[in-house]
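These notes concern the structure reproduced below.
Numbered from 1 within each chain, the chains take letters A, B, ... in sequence-line order. Reckoned from all heavy atoms, side chains included, excluding hydrogens, waters and symmetry mates.
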Amino acid sequence: MLLALKNISKQYNKHVVFSQIDFSCDTGKVIAIKGKSGVGKSTMLNILAGLERPTSGQYIYQNKQMEHRSYNFLTKFRSSTIGYISQFSPMIPELTVLENISVPLWFEKEEDQKQQYMKQIEALSYLFEIEHLLHQNVKSLSGGQLQRAGIIRALVKNPPLIIADEPTGSLDDETASLILNHFTSLKVNGTTTIIATHNDSVSNHCDETYLLLKEGLVYAQ
Amino acid sequence: MRIIHILFKQGKLLNFLNLFIAIILFLFLMALSINMQQAKLEVGTMSHFKNKQLYKISDGLINEEDVNFFAKPSNYDRLHDFSELMHASTQFQYYIANWQPIGISDFKGSAIFGAYYELGHSEQTSNRDGKEYSSIKSVQVTQNVFDLNVVQLQQGRTFDADEYILTGDNIPIILGAEYAGVYQLGDQIDIDYYFQTFKGTVVGIVQPLQKIVTNSRPELLLDRYVLLPLMSLSDPPSYLNKNAVKYPVFFKALLLTRANGMIISELDPLSIRKIVGSIAQKTGFDQFSIIGADSLRINTLVQMTEANQFTLLLVSSLMFVITMSILLLTLFIKTKKNVSTYKVLLISGATLNHVCLMISIQSFITYLIGSIIPCLITMILTGFSIPIFLTYLLLVLLLSLFMTIMTYLFVKKIFSKLDIVRELKG
């Protein structure tokens, strides 16, 4: 088992987002979390990504308790373990596409590793068809192109866990399919992808689908 | 460094505004440090005179009485003995800072050093032994003038104790700050002092804005002055009879200058009269009067300097609060504007603290850059005064550090308000 949420609850002040949900997954899976807007899909993903801490309950990642860890620890965990993709990938407007994709490498100390990651960027850029845009400023890119650049940035360090919050929301069907297929292809390396979505076509690419309801998380297929 | 470089590239207008505000702030800091240093010096100096009684000895040798008095050679000795005992008294301080122009031949300085420049008179010259001497501002001082006025030198030294004794034609001189660059330490200058020529050697240069209390003024700025030691005679004038014949004006003038000093004491007028009366009786010189001097004027000056110091602090504090508020406001706008960058950094491996630290370092660098121009101005204005420069540098570092910590805490607060982590959802 890669990770597990046990009796997890989250509330902001008095607003309960969800309560007492359980979830677990193994390595090498693509999992969809479906649900209506506002049920807490993003919040659940943020907890898994170490962006937020649960109000109560346990988060176990590879047999390690994560729920009480400091934000600094969680950031390092995120940096080494998680590839985080949001619906609208943020970019540094002053930089080129390549520079934006390379930001995770700024925190990498080993030069050999950096070289390897640069090759990975090149390969993914060809795969997601933005290789011709690498030296352009991000301001000149469309929403879909930016999203692809953001996805490459999340994948560049080969993270074992990819957390994707509506990753294909701003992409055309063909590109969305290309990306989802890539997530599937990563399973052979043991990479797990958890995707929040309300789109059936996305969940069709996944091994397991869970439905997040007000009452809790239920296995859908 | 890469993150800081990017932060500098973002919101260039706001960064320039921050830099501009930092320059303004440090200009005020510069004014504050110069004034504080000066006011501290003045208050320190004046404190030596504060609440003390000042009396002046004024000889009564006028016109015929002067001629009659110096007609007898023994009277030179009487006057000499009187001034020597006055200087040696342990019951009061005998203080002389005598304003008296001197002549300098082949003078290298500009007209501003002329004895009567401030009064609008052009340079005055005189001829002696075939040389032309320019009349230059000068003050002759006793040893305690340096101590009581806390006179600071930028180069060289003050006069040694034995240099206050006339032994030959060589005389050490100390120059005011504006002489820096005109004459150097060790330069030799031909001087005409009370119609006797001396070879003056520059032994020191005073720091800018140094002031002393003189016999005639409560405050004299030394910047354009030549300081000479007010010398005593090594022997009673009767032993130096030959010289006295040769240079009668010099001996007379020197003895009278040494006798017409200021008494600084906490004693009341009656006690002073008693002590000085006994010296007069002992030496046989009694043609003088004791005048109650400028205690009130000096006390007022002390109070004014203290008030000035307080006002300066108040204005500077106000300026500090205003500039701080503007800086924090621009920081707030900048932070909100750059949220997208912080999100990228956060999802790429930076911690929130790391981002706050980078923004703080950027601010620190901005403050340091902002302090360079005021620093250069400080150096030029104060004639490269090391104590003022060090005071300024210390204030810059302390303030920059304080502002950096404030920036760190403020940005952290903004981040928690923005809930930047939840913003990552997009």
Chain B contact via A/Leu95 - which portion, at a heavy-atom distance below 4.5 Å:
side chain

Exceeds 12 heavy-atom contacts within 6.0 angstrom, atom CG of A/Asp112:
no

Mind checking whether B/Val339 and A/Pro90 have side chains closer than 4.5 Å, heavy atoms only?
no

Shorter than 4.5 Å, heavy atoms on both sides: which option in A/Leu74, A/Val156, A/Val103 has the most such pairs with chain B?
A/Val103

Is it true that, when you exclude A/Lys114 itself, more than 12 heavy atoms of the residues, nucleotides or ligands shown sit nearer than 6.0 Å to its NZ?
yes

Counting only heavy atoms not in A/Asp173 (residues, nucleotides, ligands), do more than 12 fall under 6.0 Å from its CG?
no

Audit row: B/Ile6, A/Trp106, side-chain contact (heavy atoms from CB on, under 4.5 Å) steps and yes/no:
CA-CA 12 Å; B/Ile6 286 186; A/Trp106 295 358; 3.1 Å; yes

From B/Leu345 CG over to A/Ser79 OG, what is the distance, rounded to the nearest 0.5 angstrom?
11.5 Å

Are B/Leu346 and A/Tyr84 packed together at the side-chain level, in the sense that at least one heavy-atom pair is separated by less than 4.5 angstrom?
no

Considering only residues two or more places apart or on different chains, which pairs with a residue in residues 152-162 of chain A satisfy side chain to side chain donor-acceptor pair (under 3.5 Å)?
A/Glu108-A/Lys157, A/Gln120-A/Asn158

Inspect the surroundings of CZ in B/Phe8 and state if more than 12 heavy atoms from other residues, nucleotides or ligands are less than 6.0 Å away.
yes

Here the gap from A/Asn100 atom CG to B/Ser348 atom OG, rounded to the nearest 0.5 Å, amounts to 8.5 Å

Between CD1 of B/Ile347 and OG of A/Ser86, what distance do you get to the nearest 0.5 Å?
6.0 Å

Is the CD atom of A/Gln65 crowded by more than 12 outside heavy atoms at less than 6.0 Å?
yes

Among all residues two or more places apart in sequence or in another chain, which pass the side-chain hydrogen bond (donor to acceptor under 3.5 Å, both in side chains) test with A/Thr96?
A/Glu99

pair B/Gln10-A/Pro93: side-chain heavy atoms closer than 4.5 Å
yes

Measuring only between side-chain heavy atoms, which start at C-beta, is B/Thr341 closer than 4.5 Å to A/Met91?
no

